[in-house]
Chemist: 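Mind having a look at this structure? Questions to follow.
Lettering follows sequence order; numbering is per chain, from 1. Note that the coordinates shown come from a computational prediction; the quantities given were computed from them, not determined experimentally.
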Amino acid sequence: MPTLLQKLFSKKSVGNGSARDCSRGAEQCWASAEFDLAQIRLIVYQDCERRGRQVLFDSKAIHKLDASEPTADENKTPPNRSGACHIGGQANEKDKPPTYQYTRPASDVNMLGEMMFGSVSMSYKGSTLKIHHIRSPPQLMVSKVFSTRFGSSTSGSTNTLQDSFESMSQTFHTSSIAHSNPVDMPSRGHSEDGDSGIARSASLSSLLATPLPSPGSSFSSGCASSYQRRWLRSQATSLQHGPMPRWSTEEMFNLSDESCSSNPAMIRRKKIAISIIISLPEREEENHNFQEFFFSHFPLFESHMNKLKTAIERAMILCRRIAESSQRVQVYLCRVMEALGEFRMTVWNLYMAPRISEPVWLSMISHSTERNLLCHRFLKEMSFLMEHGAKSQFLSALLTAVLTHHLAWVPTVMPSSLPPITPACQKPASQTVDLLAKSHPYNPLWAQLGDLYGALGSPVRVCRTVVVGRRRELVQRVLYVLSYFIRCSDLQEHVQPQEQMNDPANTCTSQTTDPTSGSETINEKTDPLKPSLSVIGTSEKALNSGLGDAIPGTFVEQNDETLLPDTKSTNPSPSMESTTVRPECTEMGQECFGEDSDSVGGLEHILANQSPLLHRVQFHIGSPREADNDGQASGLTGAGCGRGLDRKLHQRILSDIRRNESSDSALYDSDDEETSPQELYVATEQKECELPLPNYQVESRASVNHFGHSLLGGYCPQYMPDFALHGISSDLRLKQCLMADLEHTVLHPALDEPVAEALCIVADTDRLSVQVVTSQRRVCEGGRMGRDVMVSNLIHTLITSVLQLYALNIATDFCVMHLEDRLQEVYFKSRSLAEYLRGQTRVHVKELGLALGIESSDIPLIAAVASTHSPYVAQILL
Amino acid sequence: MNALVALCHFCELHGPRTLFCTEAVHPPSPSPGSAIPGDRDREGDREGEGLTMRANSSATQRADMCEGCRSLPASHPGFVSVDSETGIRYLSHQHPRQPQLFSVVRQACVRSLSCEVCPGREGPIFFGDEQHGFVFSHTFFIKDSLARGFQRWYSIVVVAMDRIYLINSWPFLLRHLRLTIQSLQNTALKVFDSEQCVCPQRAVRMNSAFSPAVFPHQRSGNAARSLTSLTQHQNLWASLHSSFSWLLKACGSRLTEKLLEGAPTEDTLVLIERQTEQEEEMSGWDGAEGGGSNSQASQSESVQAKDFQFDDGRQEDLIGPKFKSLRHLRQVLGTTDFRQLTWHVLMGNQVIWRGADPGLIQSAFNVLKALLPVGCVRAVPYSPHYEEAYRCNFLGLSPDVPIPAHVSSSEFSVLVDVLNVERGCVNPVSDEDILSLYQFNISSANAQPTDKGPTLLNKIEVALSNENLSVEVVSLCLLCLKEEWMNKVKVLFKFSKVDGRGKEDTQKVLTLLGATGPGEEDNVRLLKFWMTGLSKLYKSHLMTAVRGGERTLSQ
């Protein structure tokens, strides 16, 4: 009789179980199409008060002069899909650097310059970020505009570089446009900004931290640390607090040799813009896919742009020292081209590198029906690895390191205090976090990124894991097993059903509301090519308008009567149901979203098929609502001052507004309402007209473009600086780049919050060694990158007993449950350690072992776990 | 989403202006584990409203604001929509109500319409900085037969502080704003066409004398037409409010996280089960009235509140000396007696306390109960007659109750007699001197040594004897140990009860669980006793669901 396992396999028509082993075909490419490196263009632009705008670099205008490839752009031939992307300059580093010729910039640079700097220049001294979409040819342009900072030593600047360009041949005066005067954008605090920034953000975090109950106060709050992280994020990015100077506001383009000393007086009105222009794929679907990827992964792109910017700064500083003009230009071009090559390669790899197709943890969350199958395969691989590296305790060391630094597993074992909805073996989805997301939206992608990098502890550390080894299949096994322990939340996407946006058959519902009955709905299909006429409201005379139904998703209810069936996924009652994911819903969503919703239909089409959701509309303008709504309406007019936090912030912001107003009015006629802050504060009781919130009809599908899928890499042709996990065959490039990458991560974290330390776990399956490399310590002895990991006895016994159970042929599902139980024990131990350390100044390691069962080898792990719920632990143990 | 949406217009006479703005006002932040926002909606909202202000104050009636710069008439109170699920309110006015957002929106408006350059002048741009916030802007033209170039320039801006979130949302915002914009344009185009039919402006303008200086003012009566007039849509602003509110909500909930927590502990599950049983009994008495709908919520709350002391909330009411902690009990009884007593507790033997002070006895039970999983505790705090061991493992008796012979001779029970040292001392002076008040006699027919195991007890004693460790640390240690052994219990249950494995295999499991070695016999007894404390849910789950995952031996 076939077991369930066999049935599952045959259902999948794979034949036998081993075919699903990770050694074969378990990796997938992210991108659906090739991505050409030459699609990425770099422009560096300068905007000077006196000299106007000049192009300082345009990769399109640069040609490599090389004997072997005389004319070809080095990037014309993209690397093949499976192969690594090697940049010419990078590969033959020993060779003479290539010579470049700088020709006249392309004709579009004037326009691009306008877009980068704007038609009116800003007086704001921080960096500005811009993204433009250029329709034809389809391109995305990301620009960062910086104020420049010059050193006191040289009078030189980019001017010398510019002079050099000019003397070579052409002139690059691109701005013939008459510049209007700079808009004096109100800037908070002007010159004192630089030094007060830190103090401000520190006070912010303390302000924000105080109203929170200590997460260590009780066992009952299951997801305390996840919750708190997300809550703080929603507060830190809240509009209600207005603009808050954050941790890195003053980012300048640094042209001084001494990085620290800069006289504010020396900051001239000169701006430098760095723009990356990405040509979008021709095909609509590829275009769509790339854009979805680009926008969801923007923090990574930005981080690499920052790296590029640093390289450009260095190139400019370096070439200033070179006296001879043509040589100066060559050095500059060489350096910048090299940095651009790096950038292109990183982006290419980010998009194209293979990923783990079935990360164990995420697959278990999303496909609960395949749980047994996943458990089986996971334990099989883990037990293979345990045997393989038995002598060196390779797996134990690796899991010790991973569990110590990728801390997102901790909230997933913190016991829930709520009665289980799901079967006992399945962990409940956090309801508090779900509720938070609804009432105080934060960015789930951000939360996920933090999870994957393990940024849950205090102080914030981020970690990546790289598995090195020549045996592809072995590395893949390791990656597969680790994809169970490196955890993050799963993301669901809720979008308007496609057919409702542009399916002709389903749209153009006109509404006619009979004023006398007020409840008749007449649905009629109109000619899709003719804009629909709809009568909105009862009191209005025939309104000629398609506006109401053109508003996506708008559905205004009347008489509290729901005309549309609720989608299950958006059950409006705050019931537990809304937190559980229904597979059938997801499937339905996937079916519906088989096609990309942007791909069909021009303007006519879209317009003709306006949203069908609006069935009947009645607006209550200036008229009181029915009794049941009156209560709510009056509830919102209270003029209480809110919490102390709000008040403080408001006071500070109020003074900012005053300053802003004065400078603002100098340039534009300010609106009357804006003139007096005192006036603004006349908090008068006022009652808005209440309108029902449009019915929010969406369908859910598993999100594709999220970090849980994209940052768990497979066996990659080359080292990747972004991936939370990936494998490579050789650590050559890793050794070259890792330290710089870790330092860069601390300076420009993709996580968009300050990071105290960046770490990388390097597991070598050939040498069976596991090391941790940190941004804080320089190279260790013997050419090693990091220090070896001490195996935690707790972890070793944990794995051993789980695998022994597996060997005793206990149901794999139970083995995995036991593994989770044992991880929960580690969490409980961290609670006792935290309690032990409360108010303690000295730690008696022996006492920890005797009384708490925490051996010295376990202390780093348990302290790290404890720091996720009790931040003071790190202070005591460090 | 933590953002606001605004419609802006470049007025030919007055430059960039904010016309209409929808902002989300969030309820004050919930704290972890607090009730659902809906419950405290009212009060919370009032608080969160905080410093609202009135933008449409009387001063807005100044002359240099024309029809084109205005959305709602000054007398209009604005719009609001409430999301009852979350308590978020979406407010629309011409200008934001929250003062700190005023200049933010103004900045966004000015930059979107007069600073930033969009190729073709219509389309999306993202721009911003840390000081002024971040903006997704989409500029577009609206047809106006009377305007210069027959069109007017508008933009819709989405402003947020969370740069990354806003950029992540680009495709979504673009998709939906386009629909809104296109419908506005479309509506205006129809108006434009009909106006042109009535009075072709091109001809009018060609025929009139060209005079640039007075040109805009010539038509000043119509120069700044409102968007309402351009679309001939009387409910335009209400529609936009609905559209913008929907956008903010949909964008904020576009992505949701599925974040898992650990499974509840066995203690939690047992407490819930007991409570459900109690409620069922109660509702049975009440006549099947059954308030089933609220039971789950109230359950979880009371579970949290009562924690491990599920049935003795009245302890505080009892006066007299009490045992405060295991360490206290150990000090009072002395290490040998304490060891013997706790050994019996952990083995599942019946623990009988006999004495005149029920408060003291109950406090002893409360302290001792912490040694066991909740599911293993069956207590009769104070009884006038003996109760059999299958009914209770903790039994309190008044001094004169006789112990049946089969019990006093049994090795599976232990008796603690609490004797008053000084008779007649009615008001005990303090809690500290239990020793001076009472004498404790411990007796049991058990002949086994109690000093070897179980391992759990040995470890607890280490923690208890270390005075460096606070009571809180000790209780967390105890929790760790209990959870550790509960996990072993689960494995043993699965192995022996569910799978029915033989003795040899069971021995292997005991070894891998670390239950063998010194004190093995006691460990095994403890495991077997604790098995009775597993929750029904867990047991039934193992009995049924897990079967599916069984492997055949060949695999």
Chemist: Just so I understand: if I count every heavy-atom pair under 4.5 Å between each of B:Glu484, B:Glu23, B:Lys459 and chain A, which residue has the most?
Modeler: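 Most heavy-atom pairs under 4.5 Å with chain A: B:Glu484.
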Chemist: Check the angle between the aromatic planes of A:Phe814 and A:His818 and answer parallel, tilted or perpendicular using the 30° and 60° thresholds.
Modeler: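 Taking A:His818 first and then A:Phe814, their aromatic rings lie parallel (interplane angle under 30°).
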Chemist: Side chain from CB out, backbone as N, CA, C, O: work out which of these in A:Glu820 comes under 4.5 Å of a heavy atom of chain B, or both, or neither.
Modeler: neither
Chemist: Which region of A:His133, side chain (C-beta onward) or backbone (N, CA, C, O), has a non-hydrogen atom less than 4.5 Å from a non-hydrogen atom of chain B, or is it both or neither?
Modeler: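 Both backbone and side chain.
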Chemist: Among B:Cys477, B:Ser535, B:Ala463, B:Ser169, which residue has the highest count of heavy-atom pairs closer than 4.5 Å to chain A?
Modeler: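 With the most close heavy-atom pairs to chain A, the winner is B:Cys477.
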Chemist: Counting the benzene-type ring for Trp, do B:His241 and B:Tyr90 have ring centres under 6.0 Å apart?
Modeler: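 No, the ring centres sit 6.0 Å or more apart.
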Chemist: So which heavy atom on B:Glu472 is nearest to which on A:Glu835, and how close?
Modeler: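 What the structure gives for the nearest pair is CB-OE2, 3.6 Å.
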Chemist: Do A:Lys130 and B:Phe126 form a cation-pi contact, if we require the NZ or CZ to be under 6.0 Å from the six-membered ring centre and within 45 degrees of the ring's axis?
Modeler: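 A:Lys130 over B:Phe126 ring: no.
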Chemist: If you count heavy-atom pairs under 4.5 Å with chain A, which of B:Pro119, B:Gly514, B:Gly120 comes out on top?
Modeler: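 Option with the top pair count is B:Pro119.
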Chemist: Looking at A:Leu129, A:Ile365, A:Leu445, A:Leu491, which has the largest count of heavy-atom pairs under 4.5 Å with chain B?
Modeler: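 It is A:Leu129.
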Chemist: Checking side-chain polar atoms at under 3.5 Å, does B:Ser245 have a donor or acceptor matched by the opposite partner on B:Ser242?
Modeler: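 There is no such pair between these side chains.
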Chemist: Ignoring hydrogens and angles, tell me if any N or O in the side chain of B:Gln94 forms a donor-acceptor pair with the backbone of B:Cys69 under 3.5 Å.
Modeler: yes
Chemist: Pick one of side chain, backbone, both or neither for B:Asn487, based on which atoms fall under 4.5 Å of a heavy atom in chain A.
Modeler: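 For B:Asn487, the contact with chain A is made by backbone and side chain together.
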Chemist: With sequence neighbours excluded, tell me which residues meet ring-ring contact (aromatic ring centres under 6.0 Å, His included) with B:Tyr165.
Modeler: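 Partners of B:Tyr165 under the ring-ring contact (aromatic ring centres under 6.0 Å, His included) test: none.
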Chemist: Of all of B:Gly252, B:Gly123, B:Pro124, B:Ala3, which one pairs up most often with chain A through heavy atoms under 4.5 Å apart?
Modeler: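 Counting heavy-atom pairs under 4.5 Å, the top option is B:Ala3.
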Chemist: Under a 4.5 Å cutoff for heavy-atom pairs, which residue among A:Ile134, A:Val413, A:Thr128, A:Asp821 has the most contacts with chain B?
Modeler: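 Highest number of pairs under 4.5 Å: A:Asp821.
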Chemist: Name the region of A:Met111, side chain, backbone, both or neither, that has any atom closer than 4.5 Å to a heavy atom of chain B.
Modeler: side chain
Chemist: Measure B:Leu481 against the heavy atoms of chain A and call it side chain, backbone, both or neither at under 4.5 Å.
Modeler: neither
Chemist: Look at B:Ile125, B:Val462, B:Leu4 and state which one has the largest set of heavy-atom pairs under 4.5 Å with chain A.
Modeler: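 Most heavy-atom pairs under 4.5 Å with chain A: B:Ile125.
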Chemist: Checking B:Thr256 now: which residues fulfil side-chain contact (heavy atoms from CB on, under 4.5 Å) with it, not counting sequence neighbours?
Modeler: A:Gln492, A:His494
